[in-house]
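Please read the structure below before turning to the comments.
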There are 2 protein chains.
Amino acid sequence: MKKETCQTAGEFGKCPFVTAQQLLKGKWVILIMHELNEGPKRFGELRRSIDITQATLSSQLKKMEEEGLILRTIYPEVPPRVEYTLTDIGKEFHIVLASIEQWGNAYIEYLKKKA
Amino acid sequence: MKKETCQTAGEFGKCPFVTAQQLLKGKWVILIMHELNEGPKRFGELRRSIDITQATLSSQLKKMEEEGLILRTIYPEVPPRVEYTLTDIGKEFHIVLASIEQWGNAYIEYLKKKA
DNA sequence: CCGAATCCAACAAGATACTG
DNA sequence: CAGTATCTTGTTGGATTCGG
């Protein structure tokens, strides 16, 4: 009986670490998840909260919707309103966000001491 | 008094999420941290555990060493041996790894149901 | 207001060959 | 064994423009 957590990087959908790494890579996913973890937000709100261009935000949100992390709701109003929320599996991501916040702050402290 | 967790993406070293995202972006950091979290490993061991080329692994390890996540120890033997271990702040990253493992497995389940 | 389309710059990462 | 050097490729993200 071997240890076998995950051996190859080719196993998206098998190893939790490989899977998560694929989803989190890139420059924005963690930040968007963090924003939406605080509640539903509109496109423009997200764009201002994070410093990101329209085109980039748009493609990121589309990708995350396809991956099942977020939901997009269109309200047929004038002017049009589009709201983004977390899916069930997206909401569960809060445990990762919490540990990232904790560790991130520790790392920031480490940076200060080093400097 | 505003909420203010982190508003702009330009604040590396200020916001824990922005900082962590910068460190974790790319395709390999989480996987390497996971491997080293289980104990010290040699270059060749890492290369086999993860499916990664020499050149890529080498540059990743160098970057992570500069960021203070890992330590590199050279044993002047023949044949040469180099061992990688986690630094103190690197070891603390295990809380993030644990939550990623948990959530990653949940996401894998979600994928199965969806399919 | 939201976001799609296009084009392009920057960077990440793989293949291969070579060194102490 | 543990890298480095170089070249090439693939992927991301940004600027700009246009449409519903």
Side-chain angles (χ1 to χ4, degrees), chain A residues 8-12 17-36 40-67 69-85, chain B residues 8-12 17-33 35-36 39-67 69-85:
Chain A
T8 69
E11 309 204 39
F12 180 87
F17 299 104
V18 173
T19 305
Q21 176 85 74
Q22 293 298 317
L23 297 174
L24 302 186
K25 79 178 176 208
K27 208 167 153 184
W28 303 111
V29 177
I30 292 174
L31 304 183
I32 294 171
M33 291 300 281
H34 167 58
E35 291 295 327
L36 293 181
K41 297 223 171 159
R42 299 183 57 176
F43 185 88
E45 282 182 281
L46 284 172
R47 198 175 58 70
R48 283 185 300 273
S49 297
I50 310 168
D51 187 23
I52 184 173
T53 61
Q54 286 190 339
T56 304
L57 177 57
S58 182
S59 64
Q60 283 290 315
L61 291 170
K62 189 176 178 186
K63 185 193 120 209
M64 289 167 71
E65 191 190 0
E66 286 167 3
E67 290 167 343
L69 297 176
I70 64 177
L71 278 179
R72 177 180 150 180
T73 313
I74 304 159
Y75 296 91
E77 306 171 352
V78 179
R81 185 160 67 97
V82 181
E83 217 170 63
Y84 293 89
T85 54
Chain B
T8 68
E11 309 205 40
F12 180 88
F17 300 103
V18 174
T19 305
Q21 176 86 73
Q22 293 299 318
L23 296 174
L24 301 186
K25 80 180 175 207
K27 207 168 155 184
W28 302 110
V29 177
I30 292 175
L31 304 183
I32 294 171
M33 292 299 283
E35 291 295 326
L36 293 181
K41 297 225 173 158
R42 300 182 57 174
F43 185 88
E45 280 183 282
L46 285 172
R47 198 176 57 69
R48 283 186 300 274
S49 296
I50 310 167
D51 188 23
I52 186 174
T53 62
Q54 286 190 337
T56 304
L57 178 57
S58 182
S59 64
Q60 284 290 314
L61 291 169
K62 191 175 177 185
K63 186 193 118 208
M64 291 167 71
E65 192 190 359
E66 286 166 4
E67 290 168 343
L69 297 176
I70 63 176
L71 278 179
R72 178 180 150 180
T73 313
I74 305 159
Y75 296 91
E77 305 171 352
V78 178
R81 185 159 68 96
V82 180
E83 219 171 61
Y84 293 89
T85 54

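Quantities reported herein were computed from a predicted structural model and do not represent experimental measurements. Residue numbers start from 1 in every chain, and the chains themselves are labelled A, B, ... in the order their sequence lines are given, proteins ahead of strands.
For the OP1/OP2 pair of D:dA2 and a distance below 4.0 Å, the side-chain nitrogens and oxygens of B:R47 include no atom meeting the criterion. Taking only side-chain nitrogens and oxygens, A:R42 comes nearer than 4.0 Å to OP1 or OP2 of C:dC2. For D:dG14, the OP1/OP2 oxygens have a side-chain nitrogen or oxygen of A:T56 closer than 4.0 Å.
For B:F43, counting side-chain heavy atoms from C-beta on, the closest listed nucleotide (C:dG3, D:dA2, C:dC1) is D:dA2. With D:dA15, C:dT16, D:dG13 as the candidates, the nucleotide lying closest to the side chain of B:A55 is C:dT16. Ranking C:dG14, C:dC1, D:dG13 by closeness to the B:W28 side chain, first place goes to C:dG14. Each of C:dG20, C:dG3, D:dG20 was ranked by its minimum atom distance to the side chain of B:P80; first place goes to C:dG20. Picking from C:dA12, C:dC2, D:dA15 the nucleotide with the shortest atom distance to the side chain of A:Q54 gives C:dC2. Closest to the B:K27 side chain, of the nucleotides D:dC1, D:dG3, C:dG14, is C:dG14. Nearest to the side chain of B:T53, among C:dA12, C:dA15, D:dG13, sits C:dA15.
Taking the six-membered ring where tryptophan is involved, the planes of B:Y84 and B:F43 are tilted, since the angle between them lies from 30° to 60°.
For the pair A:K62 NZ and D:dT12 P, the computed distance is 14 Å after rounding to whole Å. D:dT4 atom C1' lies 14 Å from atom CG of B:L61, rounded to whole Å.
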Handout entry: Test log, rule side-chain contact (heavy atoms from CB on, under 4.5 Å), inputs B:I30 and A:K25
Key = CA-CA 10 Å; B:I30 292 175; A:K25 79 178 176 208; over 6 Å; no

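Residue-level contact check: A:Y75 touches neither bases nor backbone, having no heavy atom under 4.0 Å from any strand. Nucleic acid contact class of B:R72 (heavy atoms, under 4.0 Å, all strands): sugar-phosphate only.
Between B:Q54 and B:R47 the shortest heavy-atom distance is CG-CD, 3.4 Å. Of all the heavy atoms in A:T56 and A:W28, the pair that sits closest is CG2-NE1, 3.5 Å.
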